[in-house]
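See structure below.
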Amino acid sequence: MSELAERFIAIPDVLSASPIFAIGLTLSAFFAGNWLFARIGRPLWMPPVVLSAVMLAAVIAGLSVDYLSYQEGALWITVLLGPATVALGIPLYQQIHHIRAMWVPIVVTLPLAATLAAVYAVVIAWALGATPEVLASLAPKSVTAPIAIGITEQLGGSVPLMMGGLLITGVVATLFVDLLAKWLPVDDERILGFALGLNGHAIGTARAFEISHTAGAFASLGMGLTGVFTALILPLVFRL
Amino acid sequence: MAMLRGFLILVLFFLFGEALRLVFVIPVSGGVLGMILMTVTLMLRGRVSDELALSSQALISILVLLIMPGVVGVFFMASQFSGQFLAVAAALLLGTFLSVLSTLLLMKGVVRVSTRSFEDE
């Protein structure tokens, strides 16, 4: 009987050695988060991704699965971000007539807004006494993860710290865009999409596709341009 | 089958983007380079094949799922923020609030000005 119990207790350890465990866990949390989100009336301040992530973190901690081994298994999911980023080129092309009509505002806004996204964070953290390493980790906070990793390494920041900042930024940028859209008000979904992609990278872009195809295309554009622009400018600015 | 064929095209563009990045030491990810190449290719061809549209829609609709393993990392990283918690939290929350506000106001302002000057012409 006790042997049976021991084997029962060992289940998470044994199963978590296979990537299919991480995949099952992530998928379950994804659907559970969406279900709960619908049940509590789709509140703007609590996007489904946060609900799913909280549940997933609780399960990982509860089963005392090592986070790094989960991450390793979940690589089977996260590698798809590469082709998924390429896939963003398709709505971009389909919405190209909208983007052509907006090219002046895009070209004027982008450099300034992308620079401000980094400057606000760095100045605030610097004023509150953050170390240069932390500053370098916060600077690319609005840039999509694969590009931001490269930037942080170049600046001498910490990649895990940057990833944490990136994710929090993505979530709060999504919340603030939803809130400010109501307060200002801004109802042009092209502007909302662009702001979501520019400030909230992939998390903002995922939210923009929930608004509409057009918002999603503008978010993809904002995310892509911010990534390219920041990657080129930030290392130059930081050297000064 | 059509979905897989479309997926293969996406993977090939991604790999091509990665190759470009490595060869020319471009500080931009292979995914973003692939996205730019994809948009330019489609603009030159003038149409999107059904299989490509199908698999891109499938991937985009699960974008949230793809970023989830990373999002969970926040909960296991909190200890690294500890000593400078206030600075990091203020930079992320206040900084992001300000930058979202700036983007929306800038974009709204420029759109208004540019459409007005367009109407004047």
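In what follows, chains are A, B, ... by sequence order, proteins preceding strands, each numbered from 1.
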Q.
Run A/D178 and A/R207 through salt bridge (charged side-chain N to carboxylate O under 4.0 Å, His left out) and show every step you take.
A. CA-CA 10 Å; A/D178 284 336; A/R207 164 74 189 127; 3.2 Å; yes
Q: Below 4.5 Å from any heavy atom of chain B, which atoms of A/V79 appear? Answer side chain, backbone, both or neither.
A: neither
(Q) Under a 4.5 Å cutoff for heavy-atom pairs, which residue among A/V104, A/L25, A/T78, A/T205 has the most contacts with chain B? (A) A/T78
Q) What part of B/T96 is in contact with chain A, defined as an atom under 4.5 angstrom from a non-hydrogen atom: side chain, backbone, both or neither? A) both
Q: Output the option from B/L94, B/V40, B/L63 having the highest count of non-hydrogen pairs under 4.5 Å with chain A.
A: B/L63
Q: Heavy-atom distances under 4.5 Å only: say whether A/P48 touches chain B with side chain, backbone, both or neither.
A: neither
Q: Quick one: which of A/L110, A/I106, A/L184 has the most heavy-atom pairs under 4.5 Å with chain B, could you say?
A: A/L184
Q. Around A/F229, counting heavy atoms of other residues, nucleotides and ligands shown, do more than 12 lie under 6.0 Å from its CZ?
A. yes
Q | Contacting moiety of A/F31, where chain B heavy atoms sit under 4.5 Å | A | neither
Q: Give, as side chain, backbone, both or neither, the part of A/A114 having an atom under 4.5 angstrom from any heavy atom of chain B.
A: neither
Q: For atom CG of B/D50, decide whether the heavy atoms of other residues, nucleotides or ligands shown that lie under 6.0 angstrom number more than 12.
A: no
Q) What distance do A/T174 atom OG1 and A/F176 atom CZ have between them, rounded to the nearest 0.5 Å? A) 10.5 Å
(Q) Let me confirm one number: the CG-CD1 distance from B/L66 to A/I77, rounded to the nearest 0.5 Å. (A) 7.5 Å
Q: Below 4.5 Å from any heavy atom of chain A, which atoms of B/L93 appear? Answer side chain, backbone, both or neither.
A: both
Q) A/M102 versus chain B, heavy atoms under 4.5 Å apart: side chain, backbone, both or neither? A) side chain
Q.
How long is the straight-line distance from OG1 of B/T103 back to NZ of B/K108, given to the nearest 0.5 Å?
A. 14.0 Å
Q: Look at A/A74, A/A57, A/A195 and state which one has the largest set of heavy-atom pairs under 4.5 Å with chain B.
A: A/A57
Q. Where does A/V108 contact chain B at under 4.5 Å (heavy atoms): side chain, backbone, both or neither?
A. side chain
(Q) I need the residue from A/L196, A/V143, A/T131 with the largest number of non-hydrogen atom pairs under 4.5 Å to chain B. (A) A/T131
Q: Determine whether A/L56 and A/F30 make a side-chain contact, defined as any pair of heavy atoms from C-beta on separated by less than 4.5 Å.
A: no
Q | A/L27 versus chain B, the contacting section by heavy-atom distance below 4.5 Å | A | both
**Q.** Toward chain B, the part of A/V228 with a non-hydrogen atom under 4.5 Å
**A.** both
Q: Report the option among A/A113, A/P83, A/A206, A/A173 that has the most heavy-atom pairs separated by less than 4.5 Å from atoms of chain B.
A: A/P83
Q. Given a strict heavy-atom distance threshold of 4.5 Å, which part of A/T230 is in contact with chain B: side chain, backbone, both, or neither?
A. neither
**Q.** Closest-packed option against chain A by number of heavy-atom pairs under 4.5 Å, given B/G95, B/A87, B/P69
**A.** B/P69
Q. Under a 4.5 Å heavy-atom cut-off, does chain B meet the side chain of A/L75, its backbone, both or neither?
A. neither
(Q) Need one label for A/L88: side chain, backbone, both or neither, based on atoms under 4.5 Å from any heavy atom in chain B. (A) both
Q: Select one option (side chain, backbone, both, neither) describing which atoms of A/F209 are under 4.5 Å from chain B's heavy atoms.
A: side chain
Q) Where do B/I9 and B/M38 come nearest, in terms of heavy atoms and distance? A) CG2-CE, 4.2 Å
Q. With a cut-off of 6.0 Å (strictly less than), are more than 12 heavy atoms of other residues, nucleotides or ligands near CD of A/E72?
A. no
Q.
Which atoms of A/L198 are under 4.5 Å from chain B, going by heavy atoms: the side chain, the backbone, both sets, or neither?
A. side chain
Q.
Show the nearest heavy-atom pair for residues A/A29 and B/M68, with the distance to one decimal.
A. CB-CE, 3.8 Å
